[in-house]
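A quick write-up on the structure given underneath.
Sequence lines set the chain letters: A, B, ... in the order given, protein chains first and strands last, and positions in each chain run from 1. Given the structure is predicted, the values throughout are model-derived calculations rather than measurements.
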2 protein chains.
Amino acid sequence: MTEGPTITTIAQRAGVSIASVSRVLNGLPTREDTVRRVMRAADELGYVPNSVARSLRNRRTDQIAFAMADIGNPVYVAMVREVQPLLKEAGYRLLIHSTDGDAEDELGVLRGLRERYVDGLIISPLRGVTEEHVEAIVAARAPVVVIGSLPEDMPDGALVDNVRTDSRTGVRLALDHLHAIGRRRIGFLNGPLGTVPGAARAAAYREALEALDLPYDEDLVEVGDFYRDSGARAARALLARAPGVDALMCANDLIALGALDVLREQGRDVPGDVAVVGMDDTDLASVTWPTLTSVSLGSAERGRAAAGLLLDRLQNGPREPRVVVVRPSLTIRGSTTLPEASPGGAR
Amino acid sequence: MTEGPTITTIAQRAGVSIASVSRVLNGLPTREDTVRRVMRAADELGYVPNSVARSLRNRRTDQIAFAMADIGNPVYVAMVREVQPLLKEAGYRLLIHSTDGDAEDELGVLRGLRERYVDGLIISPLRGVTEEHVEAIVAARAPVVVIGSLPEDMPDGALVDNVRTDSRTGVRLALDHLHAIGRRRIGFLNGPLGTVPGAARAAAYREALEALDLPYDEDLVEVGDFYRDSGARAARALLARAPGVDALMCANDLIALGALDVLREQGRDVPGDVAVVGMDDTDLASVTWPTLTSVSLGSAERGRAAAGLLLDRLQNGPREPRVVVVRPSLTIRGSTTLPEASPGGAR
DNA sequence: TTGTATGCGTTATCAC
DNA sequence: GTGATAACGCATACAA
């Protein structure tokens, strides 16, 4: 018995037709006696239905994919962590795609939807939704949820929902806070301007300064990558150019880590000399010393929202596209509050 | 055209049989002219093969599942991060199961293999491989790789490989190091003894002490959970009971974080007064202050090994079960080295 | 080289 | 209620 039992095997053993077997297994009304015989045979054979055959017939896989740039990134981990149990609860399995933020890879995933190996997709395109992304989304007849920004003019009939955050407001919250604690020379360590978050945060920084009546000073801005070592390099450059800076706004937590490294290395007190704010409010923020004040962009909530929208579409059928905007918030920690405010005071 | 094109659609359009279409699409020898017509029709129709139908026919899904306790745990993230690209490279998609370390959930995944929705499985059972696990592994005719310990007496014919680490040696490395830097009263903050790592590390701690000719002192041992707050509670209790402790061996990095919190709160210098060693060498270890010396159990390497074993089995067919043991190593950082040893005062 | 026919394992539609 | 049978979309043995 190297091949597994099928409904045919059961039918033979129980002396009934495969139709009856299928009915029994699916709980359709059947005569008592037939039910017993089928159940017994299935039990003895250790029958388990073949999910592939069922999928082919039912035209659904009970699988959902989540495509992100990098599963190692704490932001995505936070999302997956929320998405997984929701899907499981609803009876779906979860597939993970790591795209490295490569647009071609993302397109591959979107186009792959036509293979019908999943019933829906959550995707977070790092560099934005291009014309080609849109085409692929329209061509895919499976529902898609895009985490991030989406063009205003999506074609009608696209099965797509959108979850986004508002990093503009996020940066604003951070700068307001820094201003409130007396900082006036607020530097900005950003990620690549070619990425959606990078571009948005750059604009947001300018706007926030303006709103606070602070001058925009090119010397206070440094662009690097969204990593720790890159953040360190950027911080070093900025501090060399503008030694008088009294706060550093960082475009994500990893950059902030790099900044903290450099400030410690240079013997500058945080937050005494320089206050530091990160972004994403990842698990790392509560681990550093001092702990890191960070703008939360609601990663967990975005994950939940994305899963919710997709499941709703899968369960309740077509409807107008929806957009969920998750409001940012500021989690204030040690890197922007003076020591006397942090009990225990062990420094 | 609400339904997608199939080989039948193409066959009609190209004026050939579905067999020819299939042949062309699979690159089998075909007349030049036929190839052109089929390709053209496929192209015009935007044909994409249905992966479910193909799976049913080919008896393979090109999918592999990875079941772990918690996708939020940095150890598993490190593994997934290695596994994902290897599978992708080999043409497999990755499914993620989060089991919460629940044995029933784990069994569900193992038994689910009989549904044939994946070609293979990597699983890391948190509380060990029970009799029932073994049964399910044998019953599943898909290859399985177990990360963690596996019973010696697996039944013949089980398609299972094993990747494990050697936490005994790991703990030993840590205690040798602590001893070498002059520590003699080495406390131990462990996780639940009901878990495989918890039990192994408890035994390893005793052994290591013995090897170093240090007495085993119950007051120096505290058992909690593998989390930060639990680690903090445990550290607090241990420090109250044994104020003279000069080092803390922690059963994982999260526990060590909690310990660092408490030590800072109590104004005890790390490593001056108390040295701290974590375990797993997660990303967090390089973020804390002081940075955390930690025993690396080779998470990344274990992930790679697991993927490698599974792929080998899928590609080269049956063979004897294999065991890969990943050797632990010690990454020495600030929590066990005195300040003067760390140049620039920043690590 | 090409077409016909069959099967992969299910579900569902019919007659009976 | 039950059984024969037709899909689902694809790949292939076999005959032409």
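Within the 4.0 angstrom heavy-atom criterion, only backbone atoms of the sugar-phosphate kind lie near Arg59(A); the bases stay farther away. Residue-level contact check: Pro49(A) touches the backbone only, with heavy atoms under 4.0 Å from sugar-phosphate atoms and none from bases. Within 4.0 Å (heavy atoms only), Val16(A) reaches sugar-phosphate atoms of the nucleic acid but no base atom. Within the 4.0 angstrom heavy-atom criterion, base atoms lie near Ser22(A).
The overall bend of the helix from dT1(C)-dA16(D) to dC16(C)-dG1(D), read as the angle between its terminal helix axes built from five base pairs each, is 50° when rounded to 10 degrees.
In terms of heavy-atom proximity, Ser98(A) sits nearest to Ala69(A) at OG-O, 3.8 Å. Across all their heavy atoms, Ser55(A) and Arg60(A) have their closest contact at OG-O, 3.1 Å.
Under the 4.5 Å side-chain criterion, counting only non-hydrogen atoms from C-beta, Thr61(A) is not in contact with Arg116(A). Contact of the Val83(A) side chain with the Leu310(A) side chain is not registered, since no non-hydrogen atoms from C-beta on lie closer than 4.5 Å. A 4.5 Å side-chain heavy-atom check between Ile122(B) and Met79(B) finds every atom pair outside the cut-off.
In summary, contact between chain A and DNA chain D, defined as any nucleotide atom under 4.0 Å from a heavy atom of the protein, begins and ends at dG1(D) to dG9(D) in the 5' to 3' direction. Here the range on DNA chain C touched by chain B, meaning any atom under 4.0 Å from one of its heavy atoms, is dT1(C) to dG9(C).
Between Arg31(B) atom CZ and Arg36(B) atom CZ the span is 10.0 Å, to the nearest 0.5 Å. For the atom pair CZ (Arg164(A)) and CG (Leu150(A)), the distance works out to 6.5 Å, reported to the nearest 0.5 Å.
Comparing Ile18(B) and Arg31(B) by the nucleotide of DNA chain C that holds the closest heavy atom to each, the one mapping nearer the 5' end is Arg31(B). Along DNA chain D, the nucleotide nearest to Arg23(B) and the one nearest to Asn50(B) differ in position, and the one closer to the 5' end is contacted by Asn50(B). Annotation: of the two residues near DNA chain C, Thr8(A) and Thr34(B), the 5′-most nearest-nucleotide partner is Thr34(B).
For the pair Asp119(B) and Arg313(B), the salt-bridge criterion is not met [side-chain N within less than 4.0 Å of a carboxylate O]. Contact check on Arg54(A) versus Asp62(A) returns no salt bridge, with no Lys/Arg side-chain nitrogen under 4.0 Å from an Asp/Glu carboxylate oxygen. A salt bridge links Lys88(A) and Asp105(B); the closest N-O separation between the charged side-chain nitrogens and carboxylate oxygens is under 4.0 Å. The pair Arg40(B)-Asp43(B) fails the salt-bridge criterion, with no side-chain N (NZ, NE, NH1 or NH2) lying under 4.0 Å from an Asp/Glu carboxylate O.
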